[in-house]
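Order of the sequence lines fixes the chain letters, A, B, ..., with proteins taken first and strands second; residue numbering starts at 1 for each chain.
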There are 2 protein chains.
Amino acid sequence: MARKSASGRIGIADVAVKAGVSHATVSRVMNGNFTVDPDIAARVRAAAAELKYQPNPVGRSLALGKTDTIGIVVPDLANPTFQAILRGLSRAAAQDGYRVLIADSFEVSSEESILAGEARRRCDGLVLCAPRMTDAELEEIAPSLHPLVLINRTTAAPDIPSLVVDYGKGVEDIAEHLVELGHTRLAFLAGPPRSASNELRLKGLEEFKAAHPDVEVTMLEGGSDFNTGHEAVDAVLASGATGILAFNDLVAMGLMSGLHERGLDVPGDISVTGFDDIPFARYTTPALTTGAVPITELGEQAWHQLRALIRKEGNETPGGRYQPRLEVRASTGPARAPRSAVHG
Amino acid sequence: MARKSASGRIGIADVAVKAGVSHATVSRVMNGNFTVDPDIAARVRAAAAELKYQPNPVGRSLALGKTDTIGIVVPDLANPTFQAILRGLSRAAAQDGYRVLIADSFEVSSEESILAGEARRRCDGLVLCAPRMTDAELEEIAPSLHPLVLINRTTAAPDIPSLVVDYGKGVEDIAEHLVELGHTRLAFLAGPPRSASNELRLKGLEEFKAAHPDVEVTMLEGGSDFNTGHEAVDAVLASGATGILAFNDLVAMGLMSGLHERGLDVPGDISVTGFDDIPFARYTTPALTTGAVPITELGEQAWHQLRALIRKEGNETPGGRYQPRLEVRASTGPARAPRSAVHG
DNA sequence: ACCCGGTGAGAAAGCGTTTTCTCAGTTCTC
DNA sequence: GAGAACTGAGAAAACGCTTTCTCACCGGGT
């Protein structure tokens, strides 16, 4: 009667007994190996079906040395940007039969490398979003994480593709746009101090300032979430700027909300821009002018890069660079009292 | 020289050789078994550190019969509700050292049960969000998925906790609220036809209609995303209703956006309500009146229920019922031409 | 009639851990 | 000082699968 093995779950052995063949043959049949006599194969399949046998993936993984699972490390699952990356990654990976294991570091950068290592060991590859990790730390652990794909970070180590968004250029474009609207006093509501993508934005702003010495650009401390923007209202107003570049859409939305509470009109009194073009950006009132990043596509691309690494294919285009597209909506408008001449 | 095993990765065997002890002893030391001589333990630890040995989780899982991983099946990762559940689940599980494997069924309900089975076999337990799955199908696969926690579904099978949101009562509360504001013509912009939670809302509306025979309630077909709401503008206007209950916040936001484009004022001309209270609901203009569901907490609770099952603890409170809290914001206001007497 | 290549299936060796079993060496007891 | 109780570590089995190795068997060539 005791047909099932000790564990309670039915295993390959049970099927073998029921079909009157060896474990090996069952395995062969289950894996579509055609060196098995059709009659026997049928018997095995019948037995498997009757017992509702499903191979244990852990045993399989151990024998095969692969898990058909990839990991992704994100700093904050509440952030729409990482949600979108996860979505794109998950969808693309699923198409190739891979699953995604998530590791949320909850913005604790000290956890990131431990988490990454743990996740990597359970998976066949890893996608790492670690904006707060220091370069040194990244450089140190990156090789041990291979196959690895980096998002918005780069490393000197070879064989590690990086998918980066050109935040610098994006911010420049937005600043240009504001200038064209006649704004001469801008303010940048920065992101988290140690954020890599914030650094890129700052670099872009430097370029912009060099090209436009006449435009005043105030730097304001900030963060990456809605509250940051909401709480920055006073600082923004104190700056006297009429064109505000927020770190991202969330911050911009918080800022707009705060400005609205103060009875200020966007873009009548102040123009506000975001970054990322999260799904909700087009639905704020006014709709948010922002730098659109094809972020879901980036997640998808991350999988393709990772897949090439896992399959040890020659990666035709290792890494990739994404240019944000300026998405002009209703949150930006002409400066109230244009001092400088308007083009055209 | 060949200190590393065939696989390339260093394993317990390498540490054993380097420390001059057996595999068993290394394992004991790594697992903090104190029946090992301190000197030997120190030697092992030194060897492990020097080789940067990290136990292979797959081998460990096979021996231990557990993976320290749980799975979650969601119908759509783009939906803020499921993102929030995932977040709560992931955070709570991480605190107990568990990871989360995600399985997105992309609204393909036929995939849900296969996906669920696959995910379950790789994990120690499963959280299932399968709003489109038929009751029969659910009933059939649920037992094979144990340990299992259901979100917004119930099953006759014992030992399967269900975490359900009382959408019916929530919708009733919202309808009451609109009536109190003087609205006598309401419309319900329904969710996906075969959605379980939509059924619950409809039941709630039946209750409401029974209690308020004087109020007219129009049923409109719909869906669950932003576009649904946006495209429903004509139907909504045609209904002549002044108080609209949207299936969820996304739909409500789409509707408001569409109404705004038509030059209509919310809540001046029409009051709009959502459901869920997603993070963005408070930041729409006007801020959205909605039925707030503590959705992240629900994800957290899902883990606690699952944990009890995994640990085979007696589950003190199997399952749970969440009452939505009416969150009155600015998207609802007095009916334009109140025909009925206003209370008080 | 003998040998050889080919075919198909079982036996067994991994994969990398944990854990039971076993046993040598110590310490304790009377 | 001899046997019992204990301690600590190695040998080996187990976890569930895949895959190589091995070998019996069959048919065909000389």
Side-chain angles (χ1 to χ4, degrees), chain A residues 3-45 47-48 51-69 118 120-124, chain B residues 3-45 47-48 51-69 118 120-124:
Chain A
R3 177 129 298 175
K4 21 161 76 179
S5 69
S7 82
R9 266 187 50 76
I10 54 162
I12 205 172
D14 306 290
V15 180
V17 170
K18 181 155 192 112
V21 298
S22 70
H23 312 207
T25 301
V26 176
S27 171
R28 280 190 270 256
V29 172
M30 298 308 287
N31 294 335
N33 187 325
F34 290 115
T35 72
V36 178
D37 183 287
D39 288 356
I40 297 187
R43 218 164 69 220
V44 169
R45 263 189 280 273
L51 294 173
K52 293 200 204 309
Y53 167 68
Q54 303 283 150
N56 176 330
V58 178
R60 203 150 190 283
S61 289
L62 187 58
L64 256 31
K66 63 183 197 127
T67 60
D68 290 343
T69 301
E118 284 184 358
R120 174 58 188 83
R121 280 195 297 283
R122 292 178 186 277
C123 300
D124 298 345
Chain B
R3 177 129 297 173
K4 21 162 77 179
S5 70
S7 82
R9 269 188 47 78
I10 53 164
I12 206 171
D14 306 290
V15 180
V17 170
K18 182 156 191 111
V21 298
S22 70
H23 312 204
T25 301
V26 175
S27 172
R28 281 190 271 257
V29 172
M30 299 307 289
N31 295 331
N33 186 325
F34 290 114
T35 72
V36 178
D37 183 288
D39 287 356
I40 297 187
R43 218 165 69 223
V44 169
R45 262 188 281 273
L51 295 172
K52 294 202 203 310
Y53 167 68
Q54 303 282 149
N56 175 330
V58 179
R60 202 151 191 280
S61 289
L62 186 58
L64 257 32
K66 63 184 197 129
T67 61
D68 290 344
T69 301
E118 283 184 0
R120 172 60 187 84
R121 279 195 299 283
R122 291 178 187 276
C123 301
D124 298 345

Could you tell me whether the side chain of B:Arg122 reaches within less than 4.5 Å of the side chain of B:Thr69, counting heavy atoms only? no
Using whole Å, report how far CG of A:Leu64 lies from P of C:dG16. 13 Å
Send over the distance from A:Lys66 NZ to C:dG16 P, rounded to a whole Å. 16 Å
d(B:Ser61 OG, B:Asp124 CG) to nearest 0.5 Å is 7.5 Å
For the pair made of CZ in A:Arg121 and P in C:dT17, what is the distance, rounded to whole Å? 10 Å
Identify the two heavy atoms, one from A:Arg9 and one from A:Gln54, that lie closest to each other, and give their separation to 0.1 Å. NH2-O, 3.1 Å
Which nucleotide, D:dC15, C:dC15, D:dC17, lies nearest any side-chain atom of B:Ala63? D:dC15
Mind calculating the distance between CG (A:Asp14) and C1' (D:dC17) to the nearest angstrom? 13 Å
Euclidean distance, atom CZ of residue B:Arg122 to atom P of D:dC15 [Å, nearest integer]: 21 Å
Which residues in residues 21-29 of chain B have a heavy atom closer than 4.0 Å to any atom of DNA chain C? B:Ala24, B:Ser27, B:Arg28
Between atom CG in A:Asp68 and atom P in D:dT18, what is the gap in whole Å? 12 Å
Atom pairs, N/O to N/O, protein against nucleotides 24-27 of chain C, distance under 3.5 Å?
none

For DNA chain C, determine which residues of residues 31-44 of chain A have any heavy atom closer than 4.0 angstrom to one of its atoms, and list them numerically. A:Thr35, A:Val36, A:Asp37, A:Ile40
Over all atoms of both residues, closest heavy-atom pair of A:Asp39 and A:Asp37: N-OD1, 2.8 Å
Can you name the nearest heavy-atom pair linking A:Met30 to A:Ala48, along with the distance? SD-CB, 4.3 Å
Does D:dG16 have OP1 or OP2 sitting under 4.0 Å from an N or O in the side chain of A:Tyr53? no
Atom pair distance, as rounded to whole Å: CG in A:Leu62 and C1' in C:dC15: 4 Å
Distance, nearest 0.5 Å, that separates CG of A:Asp14 from NE2 of A:His23: 9.5 Å
Roughly, in whole Å, what's the span from CZ in B:Arg9 to P in C:dG14? 20 Å
